[in-house]
Amino acid sequence: MFAEVVPEPGGRFDAVLTYVIPEALRQRAAVGAQALVPLGKRLVPGFIVGLLDSPPEGVEQLKQIVDIPAGGLVLPRSIVALARWIAEHYICTLCQALRLALPSGATARIKRLVRLGEGAAAQRAAEERPEYGGLLDALSTGEEASLQTLTRRFPQIDVMTALDWLRARKAVKVREEITRAVTRARLDPLLEAALPVAEMRAEATRFARRSASQARVLIAAARAKRPVRASALAKRARSTRAAVAALLKRGLLRVRQEPAPQARKRRPFMFTLHEGAALREINQAVDQAEPRVFLLSGPPGSAPEQVWISAVEHAVSRGKQAIVLVPEISLAGPRLAHSADLREPWPGRRFGTGVALLHSGLPEGQRRQQWQRIESGEANVVIGARSAIFAPCPRIGLIVVDGEHDDSYKQEDAPRVNARDVAVERGRIEGCPVVLSSSAPSLESQHSAQQARYRALSLPARPGWQGPAVTVVDTRGSSPGTTCSAKLVLAVKRALDGGGRALLLMPRKGFSTALLCADCGQAAKCPNCDVCLTYHLAGRKLMCHHCGLSQPAPDSCPACGGTRLLLRGVGTQRVEEHIRRACPAARVLRLDADVGGKRQVVGKANVIISTGLVEATREISKVTLVGVISADTWLNRPDFRAAEVTFRFLMQAAARAAQAGRKGHLVIQTYQPDHYAIRAAAAGDCAAFYEVELAARREHAYPPFSAMAGLVVSARAQQRAEQVAKALAETIRAEERITLLGPIPAPLAKLKGRYRSQMLVLADDHEHLLRALRSATAGMPRNLGGVSVQVDVDPLSLV
DNA sequence: GATACATTTCGG
DNA sequence: CGAAATGTATCA
C-alpha cells in the first residue's frame with residue numbers, strides 16, 4: 001500500500017509525494033489522516049490525501065511513512081476534496097487549504113532536541129566562535145534542550161544557523177522527536193463544596209499548615225453560593241488548577257452535573273403561505289439530498305431566519321446534521337456569552353444539547369472537544385463563523401449561510417477564501433442543499449439566482465409590518481461646517497419626546513477621502529473605471545484605485561463648475577457637540593466598536609453616536625430614529641462595490657429604525673439624494689436597486705459579469721517590487737480574455753518595511769482568470785530575492 | 001520551508 | 001585563491 005502525502009514544512013511547500021505505508025501503520029492509514037514523513041533530510045508532518053495500490057512510475061526509491069499519530073485528527077474525505085477545490089480556486093497550496101480545515105494548533109509538530117557533542121569539538125567551536133559560548137555553556141550539563149527553549153534563551157543569536165554550524169563540527173548533536181499535537185480536550189467541570197460550609201471552613205484551617213493554596217480554595221468553595229467552574233475557582237482563590245484537582249481527588253470538592261441546556265419549547269411559528277412554500281422546498285431538497293443552492297432573501301419585515309431555523313430542525317429530525325454560518329459580528333455580540341443564554345431568534349436554544357458552537361475565541365481544548373462532538377455525531381447543529389464550514393460532520397444534510405453578503409466570510413489573510421462560496425462547493429461535494437440567506441443579497445448571489453443557478457426564494461414582508469418613514473436630506477448648498485441638518489435635529493427631538501432613542505451613524509475614521517462638490521454633490525470619478533477617485537494630499541492629486549490614473553485635483557467642479565470642493569462630507573467630531581447644543585434633553589453617548597464593558601452607561605443614553613449599526617440589546621432598545629450623518633462616506637468609497645455597500649447599509653439602517661415596533665424614522669443626509677442606491681433604499685425597493693446596479697456592473701464588466709483577482713507584489717526594495725509587478729503584468733496581459741489594470745503602488749504602499757505594488761485582473765469567467773493566473777505565476781521564479789506575490793481571488797475590498 | 005549544491009562576490 | 005554570501009533546484 002502507498003499513500004499520497006502533502007508534506008507540511010510550513011505551508012508554502014506545494015507537492016503531493018508518494019510514500020510506502022509500513023505494515024504496522026496500515027490500520028491507521030486513511031485519507032485525511034496526519035502522517036509524519038521524511039522529506040529530504042528532515043522529518044515533517046503532512047496529510048494523507050490519497051491511497052494507492054501500486055507505486056507511481058518514475059520514482060526509484062520510495063520512502064516510508066514514519067508514523068501516523070494515534071488519536072490524531074482525521075479530516076473527512078469530503079473536506080480533503082473541498083481543500084483540493086480551494087487550492088484550485090484560490091491559487092494556494094493544497095497544504096494551506098488543508099490547514100484551514102484544522103482547528104488551530106492541531107497539526108503534529110517536530111521537536112528538535114539538542115545536546116552537547118564531542119567535548120573537544122565543543123571546546124574548539126567555543127574558541128572559534130565566542131558568541132556561541134553561552135549556548136554551549138547552557139548545554140554543558142549534558143542534558144538535552146529543545147530548539148524552542150534555546151531560541152528563547154538566546155534571542156540575540158540565530159540559533160538555527162548556530163546549530164547548523166555547530167553540528168557540522170560535531171560540537172552538538174541534534175535529535176528529532178514527534179510531539180503529538182493531541183492536546184487533550186481540557187475539562188473544566190462545574191464544582192461545588194462536598195461538605196456544609198462550617199465543615200469546609202474547619203477543613204480549611206486544618207489545611208492551612210500543609211497547603212495554604214489548597215486552604216484558600218476550600219474557603220473560596222465554601223463561600224461560593226452556586227457551583228463554580230474549576231478554572232474560575234482556582235482564579236478566585238488565587239490558587240492553581242492543581243490544588244483544585246487535589247481537593248477534588250480527596251473528595252472535599254465534587255463535580256456538579258452540567259445543567260443540560262434544554263431545548264426551549266417554542267411557540268409554533270405561524271408561517272405565511274410564501275414562507276411555508278419556501279420551507280417546503282428546502283425541506284424537500286434536504287430529504288432528497290439534492291445539492292441545490294437556495295437564495296433566501298428576506299427584506300426587512302420578513303422572516304427568513306424562521307424559515308431556515310425550521311429547515312435546520314427538519315434536517316435534524318431526519319437524523320441529519322446542519323451547519324449554520326453566521327457573520328462574525330453576530331457571534332461577537334453579547335448573545336454569545338453562554339449558549340444557553342441565547343435569545344430568539346438565535347437558534348442556539350432551539351436545539352438544546354445538540355449544538356456545537358464554534359468561534360475564534362474558543363480555547364484549543366474546547367475547540368477540540370467540539371470537534372469530537374461533531375465528528376461523533378453527538379452534535380446535530382454546528383453554529384459558527386466562517387471556519388465552521390469545515391466542521392467534520394459525518395451526516396451533513398443542510399448548510400445555512402446567514403447574512404451571505406457579509407464581508408466577514410472572507411478570510412483576511414492567505415488563502416483568502418470566502419466561506420460562503422466554500423459552503424456552496426461543500427454542498428455540491430456532500431450532496432446537500434445550501435441556503436444563502438440575506439436581507440440584501442450580494443450582487444453575485446443575486447445574479448446567480450437570476451441565471452437560475454440558485455433557486456431564488458424571496459420572502460415578502462409579513463402582514464402588518466410597517467417600514468420606517470424615510471427622509472432624505474439634501475445637504476448640497478449647506479455650509480460646509482454643518483454636521484446635522486435642521487431636519488435631523490428635529491427628528492432627534494421628536495424621537496426623544498416620544499420616549500425613544502436616536503442612533504446616529506458616523507463614517508468610520510480612516511476612510512480615504514474623495515473630492516466632492518458642495519453644490520452638485522458629485523464626487524470626482526475615474527473616466528475609465530467609474531470608481532471614485534481618492535484625493536492625495538501630497539501633490540494635490542486625484543488617483544484611481546483601480547487603474548492607477550493620476551491627475552491633478554481640479555479647482556472647480558468638472559460637472560457644474562462650482563468652486564466649493566469638499567474633501568469630506570462633514571466634520572466627524574462635531575456631531576456630538578451639535579446635538580448637545582440643539583437638544584438639551586439629549587444624553588449623548590459616543591460608542592466605539594466594543595459595547596460590552598459599559599452596558600450601564602449605554603442604558604442611560606438616549607442619543608447614541610456610532611460608526612456601525614448597533615445590535616438591539618436590552619440596554620439599547622427603543623431606537624425609533626436612525627440618522628445617517630453622511631451617506632456619501634459609503635457612496636464615495638473608491639471601490640466598484642460602493643453603491644452596493646451603501647444600499648445594503650441603508651436597508652439595514654431602515655430595518656434597525658423599524659425594530660422598535662412602533663413607527664420608526666430613518667433620516668439620510670447626503671450630497672447625492674438622486675443616486676439610485678439612495679433612492680432605492682429610501683423606497684425599500686430591492687428589485688429597483690438590483691436592476692440598475694446589475695446593468696452598471698454589466699456595462700463595466702465588473703463582477704458578477706466577470707471574475708476578478710487582486711495581486712499584490714511586495715519586496716523590500718521599491719524598485720524590485722515595481723519591476724516584478726511590471727513583468728508579471730506583462731505576462732498576464734498576454735493571456736486570453738484578460739483585462740489587467742495597473743500595476744499601481746498599493747494604497748498602503750509601504751507596509752511592514754515592504755513596498756507593495758498592486759494590480760487588478762479581470763477575466764470573462766473564473767476559468768480564464770485561473771488559467772491566466774496559474775500560467776503567469778507558474779512561469780515566475782518562485783522566490784526571487786524576497787519578492788512575494790499575493791493573490792486574492794474574488795476580492796471584496798481593493799484596499 | 002529547509003536543505004544541498006552551484007554560482008557569484010569579496011577581501012586578501 | 002578560498003571563504004562567505006547569494007541563488008536555485010529538489011524534496012517520494
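Quick note: numbers below take in every heavy atom, side chains included, and nothing from hydrogens, waters or symmetry partners. Reminder, nothing fancy here: chain letters follow the sequence lines and each chain counts from 1.
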Student: Could you state the atom-to-atom distance from CG of A:L17 to P of B:dG1 in whole Å?
Tutor: 17 Å
Student: When the side chains of residues 762-769 of chain A are checked against the rest of the protein, which donor-acceptor pairs come out under 3.5 Å, sequence neighbours left out?
Tutor:
unit_1, atom_1, unit_2, atom_2, d
A:D764, OD2, A:R737, NH1, 2.6
A:D765, OD1, A:E767, N, 3.2
A:D765, OD1, A:H768, N, 2.9
A:D765, OD1, A:H768, ND1, 3.0
A:D765, OD2, A:H768, ND1, 3.4
A:H766, NE2, A:D794, OD1, 2.7
A:H766, NE2, A:D794, OD2, 3.3

Student: Please list, in numerical order, the residues of residues 48-58 of chain A that have a heavy atom closer than 4.0 Å to any atom of DNA chain C.
Tutor: none
Student: Who passes salt bridge (Lys or Arg N to Asp or Glu O under 4.0 Å) against A:E444, sequence neighbours left out?
Tutor: A:R641
Student: So A:E60, base contact, sugar-phosphate only, or nothing? Heavy-atom distance under 4.0 Å.
Tutor: nothing
Student: List in chain and number order the residues that pass side-chain contact (heavy atoms from CB on, under 4.5 Å) with A:V16, two or more places apart in sequence or in another chain; answer none if no residue qualifies.
Tutor: A:E4, A:V6, A:V49, A:L94
Student: Would a distance-only check, ignoring hydrogens and angles, find a side-chain to backbone donor-acceptor pair under 3.5 Å from A:Q96 to A:T93?
Tutor: yes
Student: To the nearest angstrom, how far is A:L36 atom CG from C:dA12 atom P?
Tutor: 15 Å
Student: Round to a whole Å and report the spacing from CG of A:L39 to P of C:dA12.
Tutor: 6 Å
Student: Please report the distance, rounded to the nearest Å, between CZ in A:F13 and P in C:dC11.
Tutor: 9 Å
Student: Any side chain to side chain donor-acceptor pair (under 3.5 Å) involving residues 35-45 of chain A? Give me the pairs, sequence neighbours left out, ordered by first then second residue.
Tutor: none
Student: Protein-nucleotides 2-4 of chain B N/O pairs closer than 3.5 Å?
Tutor:
unit_1, atom_1, unit_2, atom_2, d
B:dA2, O4', A:R42, NH1, 2.7
B:dA2, O4', A:R42, NH2, 3.4

Student: Measure the distance from NZ on A:K63 to C1' on C:dC11 and round it to the nearest whole Å.
Tutor: 7 Å
Student: According to salt bridge (Lys or Arg N to Asp or Glu O under 4.0 Å), who are the partners of A:D421, at least two apart in sequence or on a separate chain?
Tutor: none
Student: For A:R416, check side-chain contact (heavy atoms from CB on, under 4.5 Å) against everything at least two apart and list the hits.
Tutor: A:K410, A:D792
Student: Can you give the donor-acceptor pairs under 3.5 Å from side chains of residues 738-746 of chain A to other protein atoms, not counting sequence neighbours?
Tutor:
none

